[in-house]
Amino acid sequence: QKEVEQNSGPLSVPEGAIASLNCTYSDRGSQSFFWYRQYSGKSPELIMFIYSNGDKEDGRFTAQLNKASQYVSLLIRDSQPSDSATYLCAVLTGTASKLTFGTGTRLQVTL
Amino acid sequence: EPEVTQTPSHQVTQMGQEVILRCVPISNHLYFYWYRQILGQKVEFLVSFYNNEISEKSEIFDDQFSVERPDGSNFTLKIRSTKLEDSAMYFCAAGGAGKSSYNEQFFGPGTRLTVL
């Protein structure tokens with residue numbers, strides 16, 4: 001069973017701080033990794049994807065991948081109250097490129 | 001920016017009835033998916049569809065489920081005889097826009113299915 005694990009949270013950070021969200025996965029053959037944001041009652045919204053070891057930056061977001069440790073993370077700099085949501089880690093698996101999701105980490109950015 | 005659209009936004013049905021959920025994927029995408037999310041649980045893969053046929057399906061996608069894309073635009077998920085446990089948000093997703101090797105998937109707004 002291919003698993004994606006996330007701490008469910010909530011992770012509470014003050015406005016302006018860095019939020020660090022973590023994810024581990026079990027399938028060593030996984031090639032691509034995605035972070036989605038999901039507001040309550042809404043659909044997943046793609047934030048970033050990463051496929052190479054190291055860091056990838058996009059605005060306030062940085063994705064980090066360590067394939068040897070089977071670990072993916074998402075850093076959110078200068079956290080805003082509007083960043084309060086559930087962040088889903090997803091791993092691309094299988095020949096048909098299905099996504100396997102973690103349970104998500106709920107982030108709360110406090111004023 | 002092109003979006004995946006889904007109808008209806010909310011469907012209420014009686015147990016044992018058939019439902020059809022509809023999706024209009026992004027036109028230049030090649031892969032189409034259905035996922036579901038039971039309230040409070042993780043997003044789960046149901047089925048992927050490529051070149052007018054099912055590429056892969058999960059254990060959830062049993063004989064009660066079917067998908068089709070009859071007119072080259074609408075992508076539908078049919079549940080023949082709904083059960084209480086089919087109550088969930090159903091998301092359509094599109095991916096594989098050719099140039100991308102990483103198959104980002106873009107989700108529609110979802111259909112909330114309530115089975116009574």
Side-chain angles (χ1 to χ4, degrees), chain A residues 1-10 21 23-27 29-53 56 58 61 63 65 67 72 85-106, chain B residues 1-6 9-10 21 23 25-26 29-51 53-61 67 88-98 100-112 114:
Chain A
Q1 183 83 4
K2 299 179 174 64
E3 298 287 345
V4 178
E5 300 288 341
Q6 294 182 259
N7 188 317
S8 60
L21 304 158
C23 170
T24 59
Y25 61 95
S26 62
D27 182 6
S30 302
Q31 294 296 313
S32 302
F33 308 87
F34 302 83
W35 284 100
Y36 286 82
R37 177 174 61 199
Q38 187 176 33
Y39 293 110
S40 181
K42 302 296 186 182
S43 63
E45 174 192 357
L46 182 64
I47 299 175
M48 290 191 70
F49 69 90
I50 187 168
Y51 57 93
S52 295
N53 276 327
K56 179 182 178 183
D58 184 0
F61 299 98
L65 174 61
K67 288 187 177 181
V72 194
T86 297
Y87 288 80
L88 309 178
C89 174
V91 176
L92 201 67
T93 59
T95 55
S97 302
K98 70 178 186 183
L99 290 174
T100 299
F101 282 85
T103 53
T105 298
R106 188 157 64 94
Chain B
E1 184 175 317
E3 291 182 345
V4 177
T5 59
Q6 290 186 244
S9 57
H10 191 186
L21 310 182
C23 167
I26 302 169
H29 282 68
L30 303 176
Y31 285 86
F32 310 111
Y33 306 83
W34 284 100
Y35 292 84
R36 79 172 186 190
Q37 187 176 31
I38 295 170
L39 187 64
Q41 298 187 24
K42 66 172 73 173
V43 176
E44 300 175 288
F45 168 80
L46 292 178
V47 66
S48 60
F49 194 82
Y50 171 73
N51 201 24
E53 59 183 28
I54 290 174
S55 305
E56 188 171 354
K57 57 185 180 180
S58 71
E59 292 175 353
I60 303 168
F61 195 89
V67 289
M89 282 288 285
Y90 287 80
F91 297 112
C92 174
S100 169
S101 303
Y102 315 112
N103 208 8
E104 305 99 286
Q105 294 180 24
F106 300 93
F107 282 67
T111 293
R112 178 171 298 284
T114 302

Cut-off 4.5 Å, heavy atoms of chain B, and the answer for A:Gln31 is neither

Applying a strict 4.5 Å limit to non-hydrogen atoms, the region of B:Phe49 in contact with chain A is neither

Bottom line for B:Glu44: the part with an atom under 4.5 Å from chain A's heavy atoms is neither

Heaviest contributor of heavy-atom pairs below 4.5 Å to chain A, chosen from B:Arg112, B:Gln37, B:Gln41, is B:Gln37

Okay, A:Leu46 and chain B: the region with an atom under 4.5 Å from a heavy atom over there is side chain

Are B:Tyr33 and B:Cys92 side-chain neighbours, meaning at least one heavy-atom pair lies under 4.5 Å?
no

Practice problem: Take the angle between the ring planes of A:Tyr36 and A:Phe101 and call it parallel below 30°, perpendicular above 60°, tilted in between. | Solution: tilted

Rounded to the nearest 0.5 Å, the CD atom of A:Gln6 sits from the CG atom of A:Leu88 at a distance of 6.5 Å

task: Would you kindly check if the NZ (Lys) or CZ (Arg) of A:Lys98 is within the cone defined by 45 degrees around the ring axis of B:Tyr31 and under 6.0 Å from the six-membered ring centre?
output: no

B:Gln6 side chain to B:Cys23 backbone, donor-acceptor under 3.5 Å:
no

Turns out that what part of B:Phe91 lies under 4.5 Å from chain A's heavy atoms comes down to side chain

